[in-house]
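Scroll down for the structure; my scribbles are underneath it.
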Amino acid sequence: MGIGELDREAHVPEVTGAGAAPRTLAEALRARGDEGLAALLRARPDLLSPVPNDLTQLATRAGTRGSVVRALERLDRFALQTAEALAVAPDPAPYPVLLALLTGDEGDPEIEAALPGAVALLREQALVWGEDDRLRLVRTARELLAPSAQHPSPTGLGPTVAEATAGMSPGRVQEIIATAGLTATHDPVSAVAALTELFTDRARMGALLDEASPEALAVLDRLVWGPPYGEVTANPAPPVQWLRDRGLLLPVSARTMVLPREVALHLRGGRAHRAPEPVAPVVEAARDYRPQVVDSAAAGQAYAAIATVEELLKSWDQGGPQVLRAGGMSVRDLKRTAAALDVSEQLAAFWVELCFGAGLLASDGEADERYAPTPAYDDWLDLPPAERWARLVAPWLVATRVAGLVGGADAKGRTLAALGPDLDRAPAPEVRHRVLELLATLPPGAAADPETVFARMRWERPLRGAGQAGPPRPPQPTADAEETTAPAPDPHTDLRSRLARWTLAEAELLGLTGRGALAGPARALLNLPLAEAATPADHGGRVELSVAAGRAATLLAPLLPEAVDHVLLQADLTAVAPGPLRRPLADALAVLADVESKGGATVYRFTPGSVRRALDSGRSASDLHDFLTAHSRTPVPQPLAYLIDDVARKHGHLRIGAASAYVRCDDDTVLGEILADRRSAALGLRRLAPTVLAAQADPASLLDGLRAMGYAPAAESAEGDVLITRADAYRTPARTAPVPVPDGPPAPDATLLGAAVKAIRAGDRAATAVRKEPAAPAATGGLPRTSAAETLATVQAAAMTGSAVWIGYVNAEGAASQRVIAPVRVEGGFVTGYDHTADEVRTYPLHRITGVAELADDQV
């Protein structure tokens, strides 16, 4: 639709009288109160960017294709079905006609009860306007939803008889009405009208179909619910030919026939849709648990999530995987991460994306770019567990990055990488909120049936996430009319359904749900009531997400297991942590031992390598003995004490320095053994002195090589002192968390809505104000034209009488506008007055006023 057509729909030549039916969408908007305009702008915030000058401009903008498509995408299924029915109804359509298209001949009490609400919703969003006796669908919406040869209607209906016969010869039309038993006419228009009247007359149409053979009726049955098009051969079968001769099938091309809309509606019993859905599907419970069980299970998952994030980022303390040239992690690095966390690659991608979204992980920005924890990770570690959990789930709730897409392909067939670009999906936050809110509609402790959740989500936004610029279209049939079929779409492949499925899985991983039921902390995060008798509609105004996250953390804290300060040492060189360890103990034990298994009780194993790692960090053997004695509820086993003493005795016996590197030892026989060992060949060793070996390898490689050969060397400085290696963590520079991609313009608040409505009203008053005719004919044009003397005299008189006048004004940039002002002062070549258009006091240079006219008496 062009701009000219939009202007014709929105233009108002004169003010509509009180009580008169609106003739345009602009007039319908003008008849609304301020609350009605605010409701429109709240439902369609794109209309506010920028604020329209007046209601005519608002109506024009509301009819643009992009805005209408965005509004249609936010309709629920029944409101969309109502709009689709209006698109195939006469324009304008009385309310009873619309009701008949949705209920059919038999009627439907549920549809009759739901239809007024659907029409009111369409009116509120300016997709439908007019009184109940003349309902009109906005022209752009009709173009999107009405049937055409290129875009079949979502209803499955085809063109009307008049549309299908538009290109048909008059002689052929006369043949059809004669075969159908109608009286011949003198012009094709009356012939088409007679044929349409026949197809819409239930009794006569029933009599005509009684003459049809079962085979012909079978052809109609296969086309009646759409698609209405079918291909035929050059010599169609007798049943098809019988239908063609009577206009029950009309030709679109030499080999394509279409079922006229009037015929399809008769065969459907008057229904525009096969299955209207006036009532939203109910989210059903699959199983009930005690709320305490749900909260405990969710708390366990929440603690596991905190531990997983900590384990992931701790493994990247010295620098994580490299950043791909196109951005993101490589598949190999993702597999390594998954193996380290003992999870699937898809879950590993989720945890990595969760850390990235929370600002705990970023790229370092160096030439050899790598991922590493951010300084915010260290601050996060210092928080209590419940607050750490809140710092993870709050960003997840509003994030637009979708980890579930990792491993898939983009529009160009390229694999989507974790932490890479193209993972943002704007509807994700809205879907996450809505899925959790649907879970909250069930009683506390009730786990939802996922299929009912998905069905409800599809009903609420049937067009969202489908990846289309407009409403979905049935596939264009290519089969013969006798074999026409329409493949059923997969209800789980659209983006919105996949986002809902991923939300349920991720909410369980994060501890927002326990055993599929919404937990108490999640209700607080969503600002929902916690009492069993309350319903989601009971909660008050929304609060900041950070405040809600704090409430959720407060509820979660008592449910988390308390950290313990001891372990149980066992004779098999293992230690069992009977619960989560306090941070200093956990950090120290992670250096001294390796984690062997996780779960309710973590098992650590002591090995020569782990003990040597503790000695390298600066601990002595006595320090390790004292540490274990202080934190073990059981005596230190003898094998463990022997292990520590044995490794300590060998530790530092060899000294490594930079020569490139050298090895020195007081025992020259040990150096001889090293030289004789074939495994030392790669190190490039040679004897410099009886107690010194020089190496071509660097000190770090020499340390690793000798340790691999079974020795326990220690590094030394240039002064000969033993170097203590500490686990100094590598951090990126300060980084901010990724900003979510907005899903269209933000929702306006009450202040903005009030100001916008006031400005639009003021501009509309100026644009529609009735002016007195000037005594002398003014020059043609959109602005009033008066001489400078007349302008000065008129504004001075208006200032003295306190009346308002209409002026034309050209600003410094040359932009012309018309305004209604009430002058209060005229001096020094300027006029100061209250500008009704801008709703404020302004000053205008007189030389920029093109002319002035008085307002009509009824406008003053």
Side-chain angles (χ1 to χ4, degrees), residues 38 41-43 45 48-49 295 298-299 302 305-306 309 353-360 374-377 379-402 424-441 499 503 506-507 510-513 518-531 534-560 734-756:
L41 298 175
R42 187 182 301 109
L48 273 174
S49 183
D295 289 349
I306 298 170
V309 168
E353 285 289 339
L354 181 69
C355 296
F356 182 61
L360 307 179
T374 65
Y377 169 61
D379 298 333
W380 180 80
L381 286 176
D382 293 334
L383 296 174
E387 294 185 25
R388 278 189 273 163
W389 173 81
R391 294 286 183 93
L392 296 176
V393 296
W396 169 83
L397 196 60
V398 298
T400 55
R401 291 183 63 85
V402 179
D424 285 289
R425 297 296 182 270
E430 186 264 335
V431 171
R432 293 193 189 105
H433 274 94
R434 188 57 187 151
V435 167
L436 296 180
E437 287 174 348
L438 289 176
L439 297 183
T441 61
L499 287 173
T503 296
E506 293 169 2
L510 291 173
L512 291 169
T513 59
L518 196 67
R523 289 178 177 271
L525 184 67
L526 297 173
N527 194 30
L528 296 175
L530 303 177
T535 62
D538 295 335
H539 67 279
R542 292 287 175 185
V543 298
E544 292 292 336
L545 182 59
S546 58
V547 176
R551 295 177 182 174
T554 302
L555 290 175
L556 179 67
L559 302 174
L560 294 176
R735 295 282 192 265
T736 57
V739 179
V741 176
D743 186 16
D749 57 19
T751 303
L752 176 59
L753 283 177

Test item: Leu555 and Asp295 side chains (from C-beta on) under 4.5 Å apart, heavy atoms: no
With Thr503, which residues qualify under side-chain hydrogen bond (donor to acceptor under 3.5 Å, both in side chains), at least two apart? none
Shortest non-hydrogen contact between Leu560 and Ala386, atoms and distance: CD1-N, 3.7 Å
With a 4.5 Å heavy-atom cut-off, do Arg432 and Trp396 have their side chains touching? yes
With rounding to the nearest 0.5 Å, note down the distance linking CD in Glu430 to CZ in Arg425. 16.0 Å
Taken in chain and number order and not counting sequence neighbours, the residues that satisfy salt bridge (charged side-chain N to carboxylate O under 4.0 Å, His left out) with Arg388 are Glu310
Take Val435 and Leu499, measure what side chain to side chain contact (heavy atoms under 4.5 Å, CB included) needs, and give me the verdict at the end. CA-CA 9 Å; Val435 167; Leu499 287 173; over 6 Å; no
Residue pair Pro385 / Ile306: nearest heavy atoms and the distance that separates them: O-CD1, 3.1 Å
Run the side chain to side chain contact (heavy atoms under 4.5 Å, CB included) test against Asp424 and tell me which residues pass, sequence neighbours left out. Thr400, Arg401, Val741
Heavy-atom closest pair (Ala552 atom, Pro521 atom, distance to 0.1 Å) is CB-O, 3.2 Å
Would you please name every residue forming a side chain to side chain contact (heavy atoms under 4.5 Å, CB included) with Pro745, sequence neighbours left out? Pro45, Asp46
Taking every non-hydrogen atom, the tightest pair across Leu439 and Thr513: CD1-CG2, 3.8 Å
Is the shortest heavy-atom distance from the side chain of Leu526 to the side chain of Leu397 under 4.5 Å? yes
Sorted by chain and residue number, the side-chain hydrogen bond (donor to acceptor under 3.5 Å, both in side chains) partners of Trp389 (sequence neighbours excluded) come out as none
Treating Arg735 as the side-chain partner and Pro375 as the backbone partner, does any N or O pair qualify as donor plus acceptor under 3.5 Å? no
Correct closest heavy-atom pair for Leu48 and Ala756 would be CD2-CB, 3.4 Å
Distance check, rounded to the nearest 0.5 Å: Arg523 atom CZ versus Leu436 atom CG? 10.5 Å
Residues two or more places apart in sequence or in another chain: which of them pass side chain to side chain contact (heavy atoms under 4.5 Å, CB included) with Asp749? Thr751, Leu752
List in chain and number order the residues that pass side chain to side chain contact (heavy atoms under 4.5 Å, CB included) with Pro384, two or more places apart in sequence or in another chain; answer none if no residue qualifies. Glu387
Of all heavy-atom pairs between Ala549 and Ala390, which one has the smallest distance, and what is that distance? O-CB, 3.7 Å
Residue pair Leu545 / Leu525, side-chain heavy-atom distance below 4.5 Å: yes
If we only count heavy atoms from C-beta on, is the Leu360 to Arg391 side-chain gap below 4.5 Å? no
